[in-house]
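Protein chains get the first letters and strands the later ones, always in sequence-line order, with residue 1 at the start of each. Small disclaimer: the values here were computed from a predicted structure and weren't measured. The basis for the numbers below is simple: all heavy atoms, side chains too, and nothing from hydrogens, waters or symmetry mates.
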There are 2 protein chains.
Amino acid sequence: MDITTFSALAEPHRLRIVELLLDGPLTVGDIADRLQLRQPQASKHLRVLLDAGLVEVHAEANRRNYKLRLEPFQQLDAWLETYRGVWDERLDALDLYLQKLRQKDIKPTGKP
Amino acid sequence: MDITTFSALAEPHRLRIVELLLDGPLTVGDIADRLQLRQPQASKHLRVLLDAGLVEVHAEANRRNYKLRLEPFQQLDAWLETYRGVWDERLDALDLYLQKLRQKDIKPTGKP
DNA sequence: CTGCAATATTCCTTGACAGGAATATTCCTA
DNA sequence: TAGGAATATTCCTGTCAAGGAATATTGCAG
């Protein structure tokens with residue numbers, strides 16, 4: 001798993017930017033407005049996101065349209081797969097436990 | 001989504017610790033050994049992971065057993081759900097596009 | 001070509017954080 | 001009870017990242 005994805009998302013403003021971009025591409029000014037950021041800070045955060053590969057940019061005259069890149073998220077998703085494996089195991093363990101309980105239920109309760 | 005999960009994972013050693021813990025609980029010394037860390041640094045990273053809720057600890061005499069907590073990962077998983085939604089949309093768009101292509105294929109090519 | 005709008009970059013300062021070294025704490029065993 | 005093992009904490013230092021302010025860059029309308 002690529003660390004830079006985590007570092008990029010580990011900053012509140014950047015996380016919000018990413019979530020804004022879920023609804024479609026936005027321009028720097030838009031983002032600055034909606035997040036109450038000054039333009040330079042917005043640019044800087046977008047630069048970080050760009051370097052981390054979380055967004056891509058398309059110039060259109062004066063404006064720059066920033067758009068989410070899905071690949072890092074898919075990568076994150078794939079990484080989580082392993083962890084899903086673990087919690088499935090635990091669910092299996094729970095299953096087993098419940099089965100044992102059921103078996104005990106069939107025999108009369110063994111409490112002294 | 002909770003930012004502290006990202007910040008905690010945004011450090012190489014900590015990410016490796018988490019991945020080590022996938023195979024089961026470990027003690028501080030174990031982790032320090034496997035990661036070539038000095039004991040205090042291991043302790044400190046584990047402290048951060050603990051505060052972030054990514055691990056839990058169970059004291060057993062001298063030793064402390066650190067164990068993964070799954071909840072933050074499930075939370076991350078849930079968060080990703082939205083993004084999965086997006087890439088499904090795009091797949092749908094691709095489907096549509098391919099359908100159109102197919103339709104065009106039926107008619108003779110309209111190139112001037 | 002002048003000026004304005006949109007964006008990027010630079011410089012500066014401040015605060016957070018990681019690693020090193022030393023020390024404190026707790027528990028076990030002889 | 002003394003000492004050693006396992007772990008946590010503290011203090012110090014250097015590095016890096018974020019925000020502010022100012023400035024540079026690019027594109028367009030007049």
Please check if the side chain of B/Ser7 supplies one atom and the backbone of B/Ile3 the other of a donor-acceptor pair under 3.5 Å.
-> yes

Is A/Leu76 close to B/Leu80 at the side-chain level, that is, under 4.5 Å between some pair of heavy atoms?
-> yes

pair A/Leu54-A/Leu9: side-chain heavy atoms closer than 4.5 Å | yes

Is there side-chain contact between A/Leu68 and A/Phe73, with at least one heavy-atom pair below 4.5 Å?
-> yes

Taking atom C1' of D/dG19 as reference, at what distance in whole Å does atom NE2 of A/His13 sit?
-> 10 Å

Outermost DNA chain C nucleotides near chain B [under 4.0 Å, heavy atoms] | C/dA18 to C/dC28

What do the steps show when you test B/Gln74 against B/Trp79 for side chain to side chain donor-acceptor pair (under 3.5 Å), and what is the final call?
-> CA-CA 9 Å; B/Gln74 293 168 337; B/Trp79 183 70; over 6 Å; no

If you draw a 6.0 Å radius around CZ in A/Arg84, do more than 12 non-hydrogen atoms from other residues or ligands fall strictly inside?
-> yes

Rounded to the nearest 0.5 Å, the CZ atom of A/Arg16 sits from the CZ atom of A/Arg14 at a distance of 14.0 Å

With nearest nucleotides of DNA chain D determined for A/Arg38 and B/Val28 from heavy-atom distances, which residue corresponds to the more 5′ nucleotide?
-> B/Val28

Salt bridge (Lys or Arg N to Asp or Glu O under 4.0 Å) between B/Arg63 and B/Asp30: does it pass, once the steps are laid out?
-> CA-CA 10 Å; B/Arg63 320 254 164 111; B/Asp30 287 343; over 6 Å; no

Within residues 39-51 of chain B: residues closer than 4.0 Å to DNA chain D (heavy atoms) = B/Gln39, B/Pro40, B/Ser43, B/Lys44, B/Arg47

